[in-house]
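To start, the structure itself, in structure tokens.
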Number of protein chains: 2
Amino acid sequence: MAALASAQGPMSATELLAKLSEGKPDSAIGIATIYRSLKLGVEEGRLVAVELESGAVRYEPADLEHHHHFLCVECSRAFDLKGCVSDLEDLLPAGFEMTSHEVLLHGKCQDCRRAG
Amino acid sequence: MAALASAQGPMSATELLAKLSEGKPDSAIGIATIYRSLKLGVEEGRLVAVELESGAVRYEPADLEHHHHFLCVECSRAFDLKGCVSDLEDLLPAGFEMTSHEVLLHGKCQDCRRAG
DNA sequence: CTGGTTTTGAGAACTGATTATCATTACTAA
DNA sequence: TTAGTAATGATAATCAGTTCTCAAAACCAG
């Protein structure tokens, strides 16, 4: 989906449905189609799934550089962040092996700060 | 629950049930009781819920120092990590406000590395 | 057009986690 | 003990997200 590529962060199936439906009250797109396309995208390696919260898998293009996310506590939207932190290795206990990591920031996004 | 206090990381209701049941094939403890106790613990401020994965809320004592978690890709157990990373602020985009953060490492825990 | 294949949307069905129900059991105080 | 109250376990019910089903619509080559 091109809609995902232009997003400012990963989107869930529900968010995607809302976005694709907006401005088109007549042509209804089905949630099943969304899930089908997302699943296909993941299988073909074009998309990756990210789980930032319980019960809400989001998807983003697979070709993005290494990055992390910001989750707005107000509007629940997820945003991409640039860069990474440097001293992750220090957290790892002896005997453990790290294969990947996630950093997730919570707070208010720009829009929500302005709004309230 | 004292079982949570002695754990090496946050546990889910299911894990807790397994742990409390082990070695006692006769006295069956109910999953409902687990959920009741956990909910009560959170309401009373003795426990906090942490969501590391989709569909699996875990609980840990509320009086722990600031820390993060390691999630084993093999056995799915979560472990507490000590310390934190230093340069989180650098990730935050202008106009955004951070109220909290999470760091989650994935990989193999000590036990699973030994095992396989 | 036309027959045949593919995709789609609506809604039913499923899934795993959590909560509610309710009869039974455990506990408390007199 | 004993009556009354609270806690427990088994299971049904709920819930949100996701997948399945299938008839209708779209597409496509001839």
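Every chain is numbered from 1, with letters handed out A, B, ... down the list of sequences. The shown structure was predicted, so the numbers you read here are calculated from the model rather than taken from an experiment.
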Note: A:K82 and B:L91 closest approach over all heavy atoms is O-CD2, 3.2 Å
From CZ of B:R58 across to P of C:dG16 the rounded distance in Å is 16 Å
Side-chain atoms of A:A32 come closest, of C:dA20, D:dT18, C:dA10, to C:dA10
Atom CG of A:L40 and atom P of C:dT6 are separated, to the nearest Å, by 15 Å
Looking only at D:dT8, C:dT8, C:dA10, the nucleotide nearest the A:T33 side chain is C:dT8
Taken to the nearest 0.5 Å, the spacing of A:I34 CD1 from A:L20 CG works out to 5.0 Å
Rounded to whole Å, the NZ-C1' distance (A:K39 to D:dT18) equals 9 Å
Q. NA contact type, A:I29, heavy-atom cut-off 4.0 Å: base, sugar-phosphate, or nothing?
A. sugar-phosphate
Can you confirm whether A:E102 sits close enough to A:E51 that some side-chain heavy atom of one is under 4.5 Å from a side-chain heavy atom of the other?
no
Separation of D:dT8 atom C1' from B:L20 atom CG, nearest Å, is 14 Å
Taken to the nearest whole Å, OH/B:Y35 to C1'/D:dT11 is 15 Å
Rounded to whole Å, CD of A:E15 lies from P of D:dG17 at a distance of 11 Å
Atom CD1 of A:I34 and atom C1' of D:dT19 are separated, to the nearest Å, by 15 Å
Nearest-nucleotide check on DNA chain D, A:R36 vs A:A13; residue mapping nearer the 5' end is A:A13
*Mind telling me whether A:H101 and A:H68 have parallel, tilted or perpendicular rings, with 30° and 60° as the class edges?*
tilted
A:I31 atom CD1 is separated from D:dG17 atom C1', nearest whole Å, by 9 Å
